[in-house]
Amino acid sequence: MNVFTEVNQRELEEKVKKMYREVALHPEITYHFEMGRALAENLGYSSGLLNKIPRQSIDSFAGVGYHFDLADLKEGESVIDLGSGSGMDAFFAALQVGDRGEVIGVDMTPEQLAKATTLRDQFNFHQVVFHNSYIESLPVLPKSVDVVISNGVINLSPQKSKVFREAARVLKPGGRLAVSDIVTALKLPGNISCNATLWAACIGGAMQKDDYYSLIKNAGLHVVEDKINPYEFLSKGARGATRDYGIQSISLLAIKER
């Protein structure tokens, strides 16, 4: 689905960059969404592994779910993280794929990338590399990674079908897509879906669940497992939209058809 006609792409990109610039630089501020270690642990992240990850990257964690149980990462695998932010999920993945593995983080916000890269170097996550790029155009070769992960980011894209096609392109045959994201039970009205500020807050860009899954299938990926996450927005307006339109966080695992 291409919704460029519904939301101004340039305005959306600037809103997203502005919000996640603040998330990187000022994680202590209150946003529409939860952040930090308490959120991560509530979603299902292991405290033991979190203890091995830079605290600063956890402070700026703004994910919406937990999908590493579905991803089932193995030592030596290659992983690409779509919308890697300050690096928490990339570092979490690196601990699981080990020294022989590779983790590629992709993000478009310079402040997030700078923070993640600095922390990578300080804490010697040598198997992690970060790229300044867009999730609709990944800087990797076809059939080159074992697993694609993403956490609360695909809903921000106005070209979700392209995101899933890119995921399928870079995955090896039989490769895995494991993501957490925001979806809806009902289609959002125009005053929400056309609002770039609400898109940046992970609300306005949410698709109906069935349509979201159809995009995955059309890209050549087969959803084999999913679950609902214990995730809630903080602001009154976001909570109202959640109630009215059945907004929820899901995690899913899809396999690339051979």
For this session: Supply the members, apart from Leu70, of the Ile/Leu/Val/Met/Phe/Trp/Tyr cluster built from side-chain contacts under 4.5 Å; use none for a lone residue.
Result: Val224, Leu253, Ile255

For this session: Find the distance between CD (Glu111) and CD (Glu22) and round it off to the nearest 0.5 Å.
Result: 8.5 Å

Exercise. Taking NZ, NE, NH1 and NH2 as the nitrogens, is one of them in Asp226 or Lys209 under 4.0 Å from a carboxylate oxygen of the other?
Worked result: yes

Exercise. Can you list the residues that meet the side chain to side chain contact (heavy atoms under 4.5 Å, CB included) rule with Ser137, with sequence neighbours excluded?
Worked result: none

Exercise. Of all residues at least two apart in sequence or in a different chain, which pass the ring pair (Phe, Tyr, Trp, His ring centres under 6.0 Å) check with Tyr212?
Worked result: Phe164

For this session: Might you work through the salt bridge (charged side-chain N to carboxylate O under 4.0 Å, His left out) test for Lys160 and Asp211, ending with a clear yes or no?
Result: CA-CA 10 Å; Lys160 295 175 181 62; Asp211 292 338; over 6 Å; no

For this session: Specify the closest pair of heavy atoms between Phe125 and Pro54, including all atoms of both residues, with the distance to one decimal.
Result: CE1-CD, 3.8 Å

Problem set entry | Any residue meeting ring pair (Phe, Tyr, Trp, His ring centres under 6.0 Å) with Phe61, in chain and number order, not counting sequence neighbours | Tyr45

For this session: Identify whether the distance between the nearest side-chain nitrogen and carboxylate oxygen of Glu77 and Arg176 falls below 4.0 Å.
Result: yes

Problem set entry | ILVMFWY cluster, Leu186 and Ile247 together (side-chain gap under 4.5 Å) | yes

Exercise. Is the closest side-chain heavy-atom distance between Leu156 and Tyr20 below 4.5 Å?
Worked result: yes

Problem set entry | Lys/Arg N to Asp/Glu carboxylate O, Glu41 vs Arg37, below 4.0 Å | yes

For this session: Could you tell me which residues satisfy ring pair (Phe, Tyr, Trp, His ring centres under 6.0 Å) with Phe123, sequence neighbours excluded, listed by chain and number?
Result: none

For this session: Taking all non-hydrogen atoms of both residues into account, name the closest pair between His67 and Ala178 and its distance.
Result: CD2-O, 3.4 Å

For this session: Please examine the side chains of Leu73 and Val79, heavy atoms only from C-beta on, and report whether any two atoms are closer than 4.5 Å.
Result: yes

For this session: Taking only Lys NZ, Arg NE, NH1 and NH2, and the carboxylate oxygens of Asp or Glu, determine whether Lys74 and Asp72 approach each other closer than 4.0 Å.
Result: yes

Exercise. Can you name the nearest heavy-atom pair linking Gly83 to Val153, along with the distance?
Worked result: O-CG2, 3.6 Å

Problem set entry | Gap separating the CG atom of Asp89 from the OG atom of Ser180, nearest 0.5 angstrom | 8.0 Å

Exercise. What's the shortest heavy-atom distance between Lys115 and Ser60, and which atoms?
Worked result: NZ-OG, 2.7 Å

Exercise. Just how far is it from atom NZ of Lys17 to atom CG of Asp107, taken to the nearest 0.5 Å?
Worked result: 9.5 Å

Problem set entry | Rounded distance [0.5 Å steps], CD1 in Ile135 versus CG in Leu82 | 5.5 Å

Exercise. If you look at every heavy atom in His222 and Glu257, which pair is closest and at what distance?
Worked result: CB-OE2, 4.2 Å

Exercise. By salt bridge (Lys or Arg N to Asp or Glu O under 4.0 Å), which residues pair with Arg165, not counting sequence neighbours?
Worked result: none

Problem set entry | Qualifying residue, where the test is side-chain contact (heavy atoms from CB on, under 4.5 Å) with Val64 and the options are Leu43, Ile182, Val179, Leu39 | Ile182

Exercise. Where do Met88 and Ala40 come nearest, in terms of heavy atoms and distance?
Worked result: CE-CB, 4.1 Å

